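Every chain is numbered from 1, with letters handed out A, B, ... down the list of sequences. Quantities reported herein were computed from a predicted structural model and do not represent experimental measurements. We use all heavy atoms of the structure for the numbers below, so side chains are in, but hydrogens, waters and symmetry mates are not.
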Amino acid sequence: METSVQPDKLLEVKNLKKYFPVTKGTFRKVTQQLRAVDDVTFDIFRGETLGLVGESGCGKSTLGRTVLRLYEPTAGKLSYNHQDITNLPMSQLRSLRRSMQIIFQDPYASLNPRMTVGNIIGEALQIHKLFPDKSSREKRVLDLLSLVGLRPEAMQRYPHEFSGGQRQRIGIARALAVEPKFIVCDEPISALDVSIQAQIVNLLQDLQEQLGLTYLFIAHDLMVVKHISTRVAVMYLGNIVEVAPAKALYADPKHPYTQALLSAVPLPDPTRKHQRVMLKGEVPSPINPPQGCKFHPRCPQVMEICRHQAPPLISIGEGRQVACHLYPPKA
Amino acid sequence: MLEEVLKIQDLTVEFATDEGAIRAVDGVNLKIKKGKTLGVVGESGCGKSVTALSIMRLIPMPPGRFASGVIDYEGRNLRDLPEKEMRALRGNRISMIFQEPMTSLNPVFTIGDQIAEAVRLHQGVSRKEAMDKAVDMLHLVGIPVPEERIKTYPHQLSGGMRQRVMIAMALSCKPDLLIADEPTTALDVTIQAQIMELLNRLQREMGMSIILITHDLGVVAETCDDVTVMYAGRVVEEANVNAIFQKPLHPYTHGLLNSVPGFNQEGTRLKTIPGLVPNLLRLPKGCRFQDRCPRVIGRCREVEPELEEMSPGHFARCYNPVPHN
């Protein structure tokens with residue numbers, strides 16, 4: 001099982017599963033399992049941005065939280081910086097969390113309305129005992145504010161005094177406070193206006209260059225993901241169905257689901273009308289996913305084998321992987 | 001020149017706040033042609049939703065107030081229409097669908113009851129006929145097994161299905177004008193594509209006009225015939241869809257288009273519009289976009305420009321429009 005570990009893998013995820021119990025009745029008897037993440041394997045290389053896309057309910061946010069162990073994995077193995085963290089006890093996990101941070105979607109709900117911005121950002125420094133005295137902590141907070149493009153006065157103010165884009169900057173400053181190496185960005189710009197989205201995307205890219213960060217960038221906006229990502233992983237119903245370098249994936253999607261997903265994106269150009277692969281119906285429930293390939297009931301290229309046998313994620317060369325019976329493994 | 005279904009002239013809507021009156025919509029003109037789709041584009045707080053709610057007369061008054069303007073629908077000014085006559089129009093000749101289908105459906109009634117209610121109210125048919133109509137409408141919007149689905153409650157449906165129900169309800173009386181306020185913003189792209197195709201098909205079949213309020217420029221490019229761009233309560237640009245995307249004149253429109261990834265992008269950073277939308281209580285003297293504008297000149301800080309016709313059918317509110325060769 002032990003393979004030689006490549007030096008540049010920051011995060012390794014092997015056969016990761018996260019099931020949530022579905023309960024029924026007064027005694028909350030577990031009747032079924034919701035398979036939010038169902039046997040997922042991938043790596044994130046140091047310094048890259050891995051984009052993670054898929055429709056709502058495909059498990060992309062659950063995956064993002066499970067790799068940080070904000071959710072306990074049901075099965076599988078997580079390695080961070082060549083260290084197995086799957087079963088790391090809470091005491092050691094806390095110090096690890098300095099290195100792994102998360103930025104949330106909703107900048108309105110993820111900041112405590114009763115705390116000043118200075119305290120919100122400074123709290124993490126206190127917890128990790130990074131800047132024990134008040135004046136050095138304050139200086140660190142001011143540095144962080146300037147890093148994310150906020151004025152020093154922001155420190156004494158409360159979250160409600162800021163716009164959505166500014167709040168997202170506060171969320172980013174909080175994540176950066178403990179000098180992380182790896183950040184899960186969970187839909188960080190979905191709640192923002194178009195012109196503000198561009199500001200935040202640029203900020204995230206600037207910070208990545210300055211601080212050498214690695215991102216797992218979760219979003220449903222496919223064009224933003226294309227722009228920011230080194231590689232992109234596509235999820236469907238708890239599985240990764242395709243992974244490829246960003247440019248290659250958008251230029252030549254292999255999996256029928258990726259093809260349909262990309263063709264659904266409206267192009268901001270009225271003179272270009274593209275051929276649309278219109279998917280029928282909606283994503284099935286992850287409680288009773290279809291047998292075989294989970295995409296087969298909606299797949300325009302479904303074959304007999306797809307109904308019985310789930311295709312594994314295989315390499316097809318040029319750093320690309322796909323889970324589809326249309327692409328037989330190379331001998 | 002196509003016939004206009006609705007014409008708004010010099011509409012100003014004020015809201016009373018603790019710090020004084022703000023003009024959410026300030027001297028707005030809009031024209032919606034018969035059978036066409038008008039896109040109204042802008043960021044949060046630009047006044048696009050208030051404009052739509054004004055047409056429907058759904059602005060709470062107070063704190064809201066019509067300070068000026070005419071909303072001309074078939075020769076009648078909706079602004080002064082008695083509430084009783086307005087109620088006969090609303091949901092019947094003019095309908096609206098909202099962004100969040102979960103909060104705009106009533107959770108304690110079945111979707112069949114809710115569609116039938118609109119039909120019975122406006123068409124005076126029996127309960128049985130109204131229910132049959134509800135089944136027809138659900139079939140029209142592509143909901144499978146509509147006879148069974150009319151008995152379900154909103155929470156039993158997915159987001160895409162709920163938006164279809166909203167559309168079925170809005171279209172049940174065959175309106176002349178449909179106002180769609182961010183109809184697909186809460187939905188996934190695959191479902192968005194289904195809903196937009198549905199709206200296009202129904203528009204072709206029923207010949208209605210649509211006002212599509214959105215911030216998604218991709219959706220605008222694919223579905224709209226004409227576009228109005230709003231900024232801080234003002235219309236800043238107005239043209240047909242090709243002109244807006246190929247020759248945007250106002251620096252704000254130009255900036256919006258450039259900030260969309262995958263469009264006019266070179267290099268590794270997105271072009272941004274710096275700064276924030278101005279506070280409507282403290283608007284600057286002159287043009288409202290001046291502090292964020294890369295093409296600002298002295299005059300912009302003195303007197304606000306008027307909305308002028310720069311080329312046939314293409315209007316912009318700018319002293320120093322973006323040049324195009």
Fill in: Spacing of CE belonging to A:Met223 relative to CG belonging to B:Leu270, to within rounding of 0.5 Å
10.5 Å
Fill in: A:Gln197 and B:His215, any side-chain heavy atoms less than 4.5 Å apart
no
Worksheet item: With a 4.5 angstrom heavy-atom cut-off, which part of A:Ile196 approaches chain B: side chain, backbone, both or neither?
Response: both
Worksheet, complete the sentence: When rounded to the nearest 0.5 Å, the distance separating OG of A:Ser195 from CG of B:Asn258 is 12.0 Å
N/O donor to acceptor pairs below 3.5 angstrom from side-chain atoms of residues 209-217 of chain A, sequence neighbours left out:
residue: A:Glu209; atom: OE2; partner: B:Arg269; partner atom: NH2; Å: 3.2
residue: A:Thr214; atom: OG1; partner: A:Gly47; partner atom: N; Å: 2.7
residue: A:Tyr215; atom: OH; partner: A:Leu204; partner atom: O; Å: 2.6

Item to complete: Provide the closest heavy-atom pair for B:Val241 versus A:Pro270 in the form atom of the first, atom of the second, distance.
Response: O-CG, 3.8 Å
Worksheet, complete the sentence: When every non-hydrogen atom of A:Leu279 is compared with those of B:Thr190, the smallest separation belongs to CD1-CG2, 4.0 Å
Worksheet entry | Part of A:Asp221 lying under 4.5 Å from any heavy atom of chain B | neither
Worksheet item: Shortest non-hydrogen contact from B:Ala221 to A:Leu267?
Response: CB-O, 3.4 Å
Discussion item. If I measure from the heavy atoms of chain A, does B:Met196 come under 4.5 Å with its side chain, its backbone, both, or neither?
Written reply: neither
Practice prompt. Step by step, work out the side-chain contact (heavy atoms from CB on, under 4.5 Å) result for B:Ile273 and A:Val194.
Written response: CA-CA 9 Å; B:Ile273 303 175; A:Val194 181; over 6 Å; no
Worksheet entry | Least distance between heavy atoms, A:Asp193 atom then B:Glu43 atom | CB-OE2, 3.2 Å
Worksheet entry | Residue pair A:Thr271 / B:Gln246: nearest heavy atoms and the distance that separates them | CG2-NE2, 2.7 Å
Worksheet entry | Atom NE2 of B:His314: over 12 foreign heavy atoms under 6.0 Å | yes
Fill in: Interface residues of residues 149-169 of chain A facing chain B - non-hydrogen atoms under 4.5 Å apart
A:Ser163, A:Gln166
Discussion item. A quick test of your reading: do over 12 heavy atoms of other residues, nucleotides or ligands sit less than 6.0 Å from CD of A:Gln205?
Written reply: yes
Item to complete: Over all heavy atoms of both residues, which pair between B:Pro261 and A:Val224 is shortest? Give the atoms and the distance, please.
Response: CG-CG2, 3.6 Å
Worksheet item: Quick one: what part of B:Gln192 sits under 4.5 Å from any heavy atom of chain A, side chain, backbone, both or neither?
Response: side chain
